[in-house]
Amino acid sequence: MPELPEVETTRKGINPWLEGRIIERLEVRQPKLRWPIPEDLHQRLVGLKLAPLKRRAKYLLFPLLENSGQEAGWGFLWHLGMSGSLRLVAADAPWKKHDHIELQVAPLAEDAQPPLRLRYHDPRRFGALLDYQGDPAEHSLLRKLGPEPLSDAFTAQALFQRSRNRKLAIKLFIMDNAQVVGVGNIYANEALFLAGIDPRRAAGRVSLKRYQRLVKIIREVLAVAIEQGGTTLRDFVGGDGQPGYFAQELNVYGRAGLPCKVCGTVLQEVKLGQRSSIWCKACQA
DNA sequence: AGGTTCGCCTGCGGGC
DNA sequence: TGCCCGCAGGCGAACC
């Protein structure tokens, strides 16, 4: 499932092929994603120009410009859900099962390559494609989001303060988008292992010192994953390469019942908020 | 308001 | 080989 590093890698990978181009066509074969794709979106998009793609949390943002280069005052956002991927394909690429959407842009004069199209593939259809008006940060889906994990606004101090008296498990606390965005199940498990914190521990019972360590680790893990994403997911053009997991070594995720890579103790598993949580009872407390 | 559960989906693996 | 079932999971919505 795309976590923040995959979304960021996608943004970097597809932006060079889209930025500055005029939208010629949006083909929606399956409008039923998590929310229906607005019916008239395809009509309203044609003729507008794509500004540089942005990202907020796991949302890809596509701000729009008038042909003149002036801001259009709106744009669209794209969430990949659990199984979504965006790839650039040749114009004659056959539609595969679960290919739902294609965006076609006009090439720039200086584009050497034949025009490519952005194809959205999403078997489980938990993704979303919606328009936003004005400032995307004001959109209802983005408005209440916490800080970006790689920004200065993400601090141990804030996490510590906001967690006081909270009984919620620390793992669920750091997965709460209001505290920090982009920490999905995989990274929550991995970060807590690296920080030596039991995922079940009440967020309010985690010391400032441990939050400092945790914040540092979340930053490092995500930064490394984005770097590696640049390697493993470099090819966004052609091919069949469904973006997979990061090359990064996983210590606990998917390893319940296997020995801890550090101490050999059998890794435990428990459900927290319906998501599997794996930890080492010897290394994490 | 904090905390918990549901529901949207398809692919996959296990049991028979 | 095929069928049924349970499970996975981001995250907003609905609930207590």
Side-chain angles (χ1 to χ4, degrees), chain A residues 1-10 28-38 55-61 77-86 95-101 120-130 132 136-149 159-192 199-206 218 222 225 240 242-246 250 252-258 269-278:
Chain A
M1 56 262 19
E3 296 235 13
L4 186 143
E6 249 171 316
V7 176
E8 178 61 14
T9 303
T10 296
V28 177
R29 294 197 173 188
Q30 171 56 277
K32 286 167 68 178
L33 300 186
R34 184 169 184 191
W35 296 282
I37 297 171
R55 179 189 57 76
R56 175 73 172 108
K58 295 179 189 171
Y59 294 90
L60 283 168
L61 305 179
L77 56 85
W78 214 321
H79 195 291
L80 305 182
M82 287 201 36
S83 57
S85 62
L86 283 168
W95 285 68
K96 292 184 300 189
K97 191 178 183 184
H98 304 309
D99 279 354
H100 304 310
I101 308 168
Y120 181 63
H121 178 87
D122 186 1
R124 295 184 196 177
R125 286 193 271 133
F126 282 9
L129 172 57
L130 299 168
Y132 66 79
E138 297 303 316
H139 189 277
S140 59
L141 292 173
L142 307 185
R143 202 171 39 209
K144 285 173 285 183
L145 293 176
E148 288 287 327
L159 275 191
F160 176 73
Q161 279 171 3
R162 298 178 62 127
S163 65
R164 291 310 87 184
N165 301 321
R166 294 287 301 268
K167 293 179 178 145
L168 193 68
I170 180 66
K171 175 159 177 278
L172 295 176
F173 185 68
I174 60 171
M175 290 179 71
D176 177 357
N177 278 339
Q179 312 307 330
V180 58
V181 302
V183 181
N185 197 36
I186 297 175
Y187 287 121
N189 277 305
E190 294 300 315
L192 288 169
R200 302 167 301 172
R201 176 177 282 273
R205 300 294 210 95
V206 174
I218 289 173
L222 290 176
D240 193 30
Q242 171 71 18
Y245 292 121
F246 317 102
L250 297 175
V252 289
Y253 184 81
R255 298 196 64 245
L258 297 174
E269 177 169 17
V270 71
K271 294 279 181 195
L272 293 175
Q274 299 171 322
R275 297 182 189 92
S276 63
S277 309
I278 303 97

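Order of the sequence lines fixes the chain letters, A, B, ..., with proteins taken first and strands second; residue numbering starts at 1 for each chain.
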Rounded to whole Å, how long is the line connecting atom [atom1] of [X] with atom [atom2] of [N]?
X      : N      : atom1 : atom2 : answer
A:L272 : C:dG9  : CG    : P     : 12 Å
A:L172 : B:dT4  : CG    : P     : 8 Å
A:N177 : C:dA13 : CG    : P     : 13 Å
A:M175 : B:dT4  : CE    : P     : 14 Å
A:Q274 : C:dG6  : CD    : P     : 16 Å
A:M82  : C:dG9  : CE    : C1'   : 3 Å
A:D176 : B:dG2  : CG    : P     : 9 Å
A:R164 : B:dA1  : CZ    : C1'   : 18 Å

Give a yes/no answer on whether the side chain of [X] brings an N or O atom under 4.0 Å of OP1 or OP2 in [N].
X      : N      : result
A:S83  : B:dC9  : no
A:H98  : B:dC9  : no
A:Y253 : C:dA8  : no
A:H79  : C:dC11 : yes
A:R275 : C:dG10 : yes

Check every atom of [options] against the side chain of [X] and return the nucleotide holding the closest atom.
X      : options               : value
A:Y59  : C:dG12, B:dG11, B:dG7 : C:dG12
A:R166 : C:dG10, C:dG9, B:dG3  : B:dG3
A:L168 : C:dG10, B:dG3, B:dG11 : B:dG3
A:K271 : B:dT10, C:dC7, B:dC6  : C:dC7
A:P123 : B:dG11, B:dT5, B:dC9  : B:dG11

Regarding [X], tell me which of base, sugar-phosphate or nothing describes its non-hydrogen contacts under 4.0 Å with the strands shown.
X      : answer
A:F173 : nothing
A:R34  : base
A:L33  : nothing
A:K144 : nothing

Response to the item:
Whichever of A:K167 and A:R125 has the more 5' nearest nucleotide on DNA chain B, that residue is A:K167
Item to complete: In sequence, state the C-alpha distance, the side-chain angles, and the governing distance for A:R55 and A:T10, and then conclude on side-chain contact (heavy atoms from CB on, under 4.5 Å).
Response: CA-CA 10 Å; A:R55 179 189 57 76; A:T10 296; over 6 Å; no
Practice prompt. Show your reasoning for whether side-chain hydrogen bond (donor to acceptor under 3.5 Å, both in side chains) applies to A:N185 and A:K171.
Written response: CA-CA 9 Å; A:N185 197 36; A:K171 175 159 177 278; 2.7 Å; yes
Fill in: Heavy-atom closest contact (A:A57 atom, A:E148 atom, distance)
N-OE2, 2.6 Å
Worksheet item: Which heavy-atom pair separates A:I218 from A:P149 by the least distance, and what is that distance?
Response: CG2-CB, 4.4 Å
Worksheet entry | Aromatic ring of A:F126 stacked on base six-ring of B:dC8, 5.5 Å, 30° | yes
Worksheet entry | Pair A:R275-A:L172, side-chain contact (heavy atoms from CB on, under 4.5 Å): steps then yes or no | CA-CA 9 Å; A:R275 297 182 189 92; A:L172 295 176; 4.1 Å; yes
Worksheet item: Can you say whether the rings of A:Y120 and A:H100 are parallel (under 30°), tilted (30 to 60°) or perpendicular (over 60°)?
Response: tilted
